[in-house]
Amino acid sequence: METLQGFIEHIIFRNDENGYTVLNLIADAGEITCVGFFRYADEGENVSLQGEYTEHPVYGKQFQVKEYEIVPPQDKTSMIRYLGSGAIKGIGSSLATRIVSHFGEDTFKIMEEDPERLSEVKGISARKAREIAVQFADKQDMRKIMVFLQQYGISNSLAMKIHERYGTEAYAVICENPYRLAEDINGVGFRIADEIATRVGIRPDSEYRIRSGILYVLQNAVADGHCYLPKDQLLQKTVELLGASEDEIDTQIMNLTMESRLSLRDHDGECRAYIRSFCVMETRCAEMLHDLDVYDDTPADVIRDKVIKYAAKAGIEPDELQITAVVDAVRHGVLIMTGGPGTGKTTTINLMIRYFESEGLDFYLAAPTGRAAKRMTETTGYDAATIQRILKLQPASGDGLRSFTFEKNEEDPLEADVVIIDEMSMVDLPLFHALLKALVPGTRLIMVGDINQLPSVGPGAVLKDLIRSECFRVVELKKIFRQSERSDIVLNAHKINEGKHIRLDNQSKDFFFLPRTDVNHIMKNLITLISEKLPGYVHASPFDIQVLTPMRKGALGVETLNPILQKYLNPPAKDKREKEYGDTLFREGDKVMQIKNDYQLEWEITDSHGFVLDKGTGVFNGDLGVVREIDSYMEWMCVEFEDKKTIRYPFSQLEELELAYAVTIHKSQGSEYPAVLMPLLSGPRMLFNRNLLYTGVTRARRCVTILGSAAVVYDMIDNADEQKRYTGLKDMIIDRYQRKGI
């Protein structure tokens with residue numbers, strides 16, 4: 001990187017939210033346009049910049065700044081220029097000249113140590129002197145903190161977050177307990193805090209380090225889908241992370257428990273260690289479910305006769321199990337309906353809707369993702385929304401992507417007689433807890449899903465825990481209906497679920513297998529199928545055809561597949577702007593996926609004339625979109641998602657996106673694609689299991705193509721092992737019902 005030194009003559013543009021700035025710098029080489037993040041740099045200040053020259057297609061030569069340092073003025077000219085720039089309100093160029101003429105090179109020292117002397121200068125009253133002193137002190141404090149933080153290798157962007165969060169307390173936080181950063185500031189994990197602590201000189205056996213390490217291990221477990229860890233596993237993993245003794249770690253586990261940061265619960269001889277909020281959520285969910293599960297003693301025959309009448313009016317011919325499901329939905333406060341593809345779940349939902357509507361009951365239809373809600377709307381003809389939307393998600397004040405609240409809760413519940421949730425296997429514990437808080441006894445909760453799908457991306461295994469508790473009415477639809485019998489996708493999905501080997505002889509019209517042993521051949525076939533063969537066959541665009549793979553890494557993982565597929569499916573062109581971020585090159589026209597929940601990002605839906613039809617906040621893990629525009633000057637990338645929402649991502653937040661020509665099967669939950677391609681050649685046994693193959697196959701609407709090894713496919717069908725999730729909801733539900741004598 002090159003280094004430039006000079007003073008800021010003019011700030012052309014500044015984004016107050018992220019500090020992105022375009023400015024004119026006066027350096028020895030002349031006037032230079034610089035772009036970068038300068039939240040705290042003002043006009044008139046001397047700066048030292050590190051970066052590189054770039055050529056903008058519209059604005060020409062620019063200096064792209066990676067790091068900068070504010071250099072205190074050392075001479076009278078620099079002092080006058082800084083004070084007269086407007087950095088200190090109330091001081092113009094003429095007053096700045098008088099101040100520096102009066103105090104000389106001691107000007108800044110006087111302003112910092114003896115500011116009341118400013119009133120010696122004509123035109124400055126005692127009151128104005130105090131106001132100037134306060135502003136000057138604030139800016140000096142900020143600069144000192146920035147310099148202080150930079151000596152510990154802390155980047156400008158992180159230093160700004162630290163200063164905003166702690167102010168002058170930042171000195172004490174960094175020197176005494178830098179592990180607070182991991183708890184208080186989004187984007188700072190244990191690893192970064194531990195690195196800073198090492199530089200500061202914090203001892204490896206510090207109690208702060210051990211406590212932070214314990215929480216880090218549990219937070220990682222939550223990220224992997226667990227709600228708790230057995231205490232012996234927590235001890236083991238923390239020892240491996242920190243190198244501390246079990247006794248030292250155990251002491252801090254107990255301290256964190258006494259402070260209500262952790263919860264320990266014993267069950268069948270196992271001590272379960274929770275981050276406290278997850279223990280509270282499981283406990284409250286069990287209690288709220290019990291309160292919701294109110295029995296309606298309306299005779300089943302009366303309800304059944306009405307169901308048959310409503311079905312006849314709608315032209316629906318339900319079987320006995322579907323009628324039973326509707327009857328049970330009326331008579332039970334909590335009902336779970338499960339079943340594989342083609343078993344009539346959608347038809348039964350439609351019949352429930354017609355019954356409740358005819359009885360004058362108000363209902364909500366919802367699903368965990370926008371894609372699933374859209375499909376629910378299409379199949380029922382009634383408006384469905386995401387669970388987050390019906391709960392009225394609102395970003396909360398404070399730092400962090402995860403800062404949010406729901407307007408609908410126990411104080412302002414949903415006004416509905418019935419709430420029907422589809423794709424329930426995708427609902428994680430925190431979202432389920434929020435939903436239950438917004439329901440009052442008397443509201444019927446109907447949950448629909450496929451228990452054999454992969455569990456939610458977020459923590460918990462809610463649907464499985466509810467069914468396995470055996471405390472609620474469960475209706476499992478098993479019959480494959482006539483309209484689905486011609487589909488080998490449906491038939492093969494059921495065979496896979498039953499552990500039966502499927503035929504891979506390509507005698508099907510919608511289920512194909514291409515035996516391949518070479519990775520390069522698989523790559524070529526994927527590109528040909530997506531770009532040439534399948535679009536016409538399934539009547540869809542290449543964009544809608546999805547590659548699903550079990551893995552992120554490896555020769556056929558998403559990290560390898562996406563750049564290759566991008567090269568052929570959205571090649572570079574003169575009219576397509578690009579942005580390189582980390583290891584990813586984004587290009588206009590790219591298919592991308594949001595990879596974390598962000599409750600702060602603002603979205604808009606506009607018509608063809610640019611008129612705003614709707615707007616709000618929040619984008620969620622797994623949402624798919626297309627890169628519509630990249631603006632390097634303003635430093636944002638515009639993405640249009642499947643539900644027509646558009647979001648402008650600052651370049652600083654592009655870590656939330658990744659290319660999505662290929663996605664993991666886990667991330668495809670709740671989605672349905674015209675055609676699915678699955679490369680299956682080799683992989684770890686724990687990952688390559690029946691559950692994963694079943695989920696991948698059931699994502700396809702018209703065509704499945706597997707490329708790879710038949711032996712691997714059969715091994716996956718034979719492998720019924722699932723990755724264990726540590727969840728306690730089932731046990732808490734059972735405990736709650738047993739305590740009530742049920």
Side-chain angles (χ1 to χ4, degrees), residues 3-16 19-51 62-63 65 67-148 150 156 159-160 163-164 167-168:
T3 300
L4 285 180
Q5 290 189 335
F7 70 91
I8 300 172
E9 181 192 43
H10 176 56
I11 291 178
I12 301 169
F13 168 81
R14 172 172 284 158
N15 183 324
D16 291 330
Y20 176 73
T21 305
V22 181
L23 57 83
N24 285 340
L25 183 80
I26 304 300
D28 292 340
E31 184 177 323
I32 302 166
T33 300
C34 301
V35 294
F37 294 89
F38 295 86
R39 190 185 295 265
Y40 295 115
D42 292 315
E43 292 179 353
E45 291 193 297
N46 293 334
V47 290
S48 176
L49 314 177
Q50 283 191 310
Q62 298 177 336
F63 190 73
V65 179
E67 293 289 335
Y68 77 94
E69 181 180 356
I70 297 172
V71 180
Q74 301 295 325
D75 56 72
K76 292 181 180 180
T77 302
S78 298
M79 290 178 180
I80 291 172
R81 186 168 57 228
Y82 171 68
L83 291 176
S85 67
I88 306 294
K89 292 180 181 178
I91 299 181
S93 57
S94 60
L95 183 55
T97 301
R98 294 202 301 274
I99 292 171
V100 175
S101 297
H102 186 81
F103 297 112
E105 293 184 358
D106 290 333
T107 296
F108 280 17
K109 183 179 179 182
I110 296 294
M111 293 179 73
E112 186 173 359
E113 298 178 3
D114 200 8
E116 63 273 8
R117 287 192 58 195
L118 288 171
S119 59
E120 297 174 11
V121 178
K122 184 179 178 181
I124 299 180
S125 64
R127 179 181 175 181
K128 188 170 185 176
R130 288 193 296 271
E131 292 174 351
I132 291 171
V134 169
Q135 290 185 62
F136 187 78
D138 287 344
K139 290 184 178 293
Q140 291 296 93
D141 286 342
M142 179 274 296
R143 290 192 185 92
K144 287 177 183 177
I145 289 171
M146 297 290 279
V147 171
F148 168 76
Q150 286 166 357
N156 279 330
M160 287 189 286
H163 176 254
E164 288 172 357
T168 55

| Side-chain heavy-atom pair Asp114, Glu116 within 4.5 angstrom cut-off | yes

| note | Value for CD1 (Ile91) from CG (Leu118), rounded to nearest 0.5 Å, stands at 7.0 Å

| said: Working to the nearest 0.5 angstrom, can you tell me the gap between Glu131 CD and Ile124 CD1? | reply: 11.0 Å

| task | Begin from the C-alpha positions of Tyr68 and Phe37 and carry the test ring pair (Phe, Tyr, Trp, His ring centres under 6.0 Å) through to its verdict. | result | CA-CA 9 Å; Tyr68 77 94; Phe37 294 89; over 10 Å; no

| said: To the closest 0.5 Å, what do you measure between CD1 (Ile26) and CG (Leu4)? | reply: 12.0 Å

| Tell me, do Val65 and Val47 make a side-chain contact under 4.5 Å, heavy atoms counted? | no

| note | Closest heavy-atom pair, Glu43 versus His10, reported as atoms and distance to 0.1 Å, is OE2-ND1, 3.2 Å

| request: Name all residues meeting the salt bridge (charged side-chain N to carboxylate O under 4.0 Å, His left out) criterion together with Glu120; count only those two or more places apart in sequence or in a different chain, and write none if there are none. | output: Arg117

| message | I'd like to check Phe63 versus Leu25 (side-chain heavy atoms, cut-off strictly below 4.5 Å). Are they in contact? | response | no

| task | Kindly indicate, with the supporting measurements, whether the criterion side chain to side chain contact (heavy atoms under 4.5 Å, CB included) is fulfilled by Met111 and Leu83. | result | CA-CA 11 Å; Met111 293 179 73; Leu83 291 176; 4.0 Å; yes

| remark: Gln135 and Lys89 have their tightest heavy-atom pair at OE1-N, 2.8 Å

| Is the closest side-chain heavy-atom distance between Leu95 and Lys128 below 4.5 Å? | yes

| task | Might you point out which heavy atoms bring Ser119 and Ala129 nearest each other, and give the distance in Å? | result | N-CB, 4.1 Å

| field | Main-chain N/O of Lys122 paired to Arg98 side chain as donor or acceptor, under 3.5 Å | value | yes

| note | To the nearest 0.5 Å, atom CD1 of Ile132 lies from atom CD1 of Ile99 at 5.0 Å

| field | Option among Val35, Thr21, Val22, Leu23 that satisfies the side chain to side chain contact (heavy atoms under 4.5 Å, CB included) test with Ile12 | value | Val22

| query | Under the side chain to side chain donor-acceptor pair (under 3.5 Å) test, which residues partner Asn24, sequence neighbours left out? | reply | Glu31

| said: Is it the case that the side chain of Glu69 and the backbone of Ser48 share a donor-acceptor pair, with hydrogens and angles ignored and the cut-off at 3.5 Å? | reply: no

| said: Using side chain to side chain contact (heavy atoms under 4.5 Å, CB included), reason through Gln5 and Asn46 one step at a time and then give a plain yes or no. | reply: CA-CA 7 Å; Gln5 290 189 335; Asn46 293 334; over 6 Å; no

| note | Separation between OG (Ser94) and CD1 (Ile80), nearest 0.5 Å, reads 11.0 Å

| field | Residues that Asp75 engages under side chain to side chain donor-acceptor pair (under 3.5 Å), provided they are two or more places apart | value | Ser78

